[in-house]
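Please read the structure below before turning to the comments.
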Amino acid sequence: MPLFPHDFIDFIASSNQPLIMGIINVTPDSFSDGGLFLSTRKAIAHAKNLIDEGADILDIGGESTRPGSQYVNTDEELMRVIPVLEALADTGIPISIDTSKPEVMKHAIEAGAFMINDVNALCNPGALEAIAPHRHVQVCLMHMQGTPQRMQTNPQYKDVVSEVKYFLQQRIQAANAAGIALNRLVVDPGFGFGKTLQHNLSLLNQLNEFTTLGTPILAGLSRKSMLGAITGNNIDQRLHESVAAALLAVIKGAKIVRVHDVKASKAALAIYNALRDCDSQFDQ
Ligand code: 9MG
């Protein structure tokens, strides 16, 4: 059933099941064989496929944030994401836009985005102000050390869990001070964003530490190099480890998992849901 804008915050808060966010990249990285028109059509077709597979939310991104990726200017990013967002508006599925640029945030919200997924945690000048007036819009504040271009060059922490948590706490406070209420926020420790394998594992293992921040937790582990570092599999062969990681993130407290492989993740989480429901019946 289509959601009305003001229902989205309730939808996230009240869902007693983990939610699956399907990833849609509208970037030349993923569409190396054609121009923007072809990329747009492929992205829309891919999005419809993920909806059929059971995605609860779609996250559309026009600028790659992979380690070493290059900056995309505002006009180019808008040309990539807005047509895809508009084409999906009548599907009723809540759309998140993965961007750190205030101008893209504003246009995306006007075009019907329910959520902004900012890997820069609204740190860019003007980002807090772009979001604050739109009271139906949810925001994901993600932690990153450094920038995508250089973040994997020797990341350092004394205590990764406390430092990431402290950063997210500060960003929650900044958002609240700008008029963005706590119920509009989601936090994400940013797996792979300026972190070694050991840092990522500590964050996953202690993900439930982040529940005390008072917001839902989003986790994105799908196909990431930390998984390949453990199994030795290439990026296009990381289905099994991605599903395992999504399931573990949920067990450790994630409410939303950001994934490429919706169908497989959905099946794994169905087992989790069945077990959790059986326990709650048992408890009564
Ligand atoms: C855009 N993007 C890539 N990886 C991500 C992750 O782990 N979390 C969030 N929120 N966004 C991500």
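Counting starts at 1 for both ligands and their atoms, following the listed order. What you are looking at is a predicted structure, and each value in this text was computed from that prediction instead of being measured. Residues take their numbers from the sequence shown, with the count starting at 1.
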Report summary line: Residues passing the ring pair (Phe, Tyr, Trp, His ring centres under 6.0 Å) test with His134, sequence neighbours excluded, are none

Requested in this report: Begin with the C-alpha distance, continue with both residues' side-chain angles, and end with the deciding distance and a verdict on side-chain hydrogen bond (donor to acceptor under 3.5 Å, both in side chains) for Thr196 and His199.
Outcome: CA-CA 5 Å; Thr196 63; His199 296 143; 3.0 Å; yes

Report task. Verify the distance criterion only: is there a donor paired with an acceptor across the side chains of Ser96 and Asn117 at less than 3.5 Å? Result -> no

Write none if no such pair exists; otherwise list each N/O atom of ligand 1 with its protein N/O partner under 3.5 Å and the distance.
residue  : atom   : partner : partner atom : Å
ligand 1 : 2 (N)  : Arg258  : NH1          : 3.4
ligand 1 : 4 (N)  : Lys224  : NZ           : 3.1
ligand 1 : 4 (N)  : Arg258  : NH1          : 3.4
ligand 1 : 7 (O)  : Gly220  : O            : 3.2
ligand 1 : 7 (O)  : Lys224  : NZ           : 2.6
ligand 1 : 8 (N)  : Asp188  : OD2          : 2.6
ligand 1 : 10 (N) : Asn117  : OD1          : 2.8
ligand 1 : 10 (N) : Asp188  : OD2          : 2.7
ligand 1 : 11 (N) : Asn117  : ND2          : 3.1

Requested in this report: Could you tell me whether a side-chain N or O of Asp118 sits under 3.5 Å from a main-chain N or O of Leu141, the two making a donor and an acceptor?
Outcome: no

Requested in this report: Would you mind listing every salt bridge (charged side-chain N to carboxylate O under 4.0 Å, His left out) that reaches into residues 55-64, with sequence neighbours excluded?
Outcome: Asp59-Arg258, Glu63-Lys101

Query raised in the report: Can you list every salt bridge (charged side-chain N to carboxylate O under 4.0 Å, His left out) pair that touches residues 216-233, not counting sequence neighbours?
Result: Arg223-Asp261

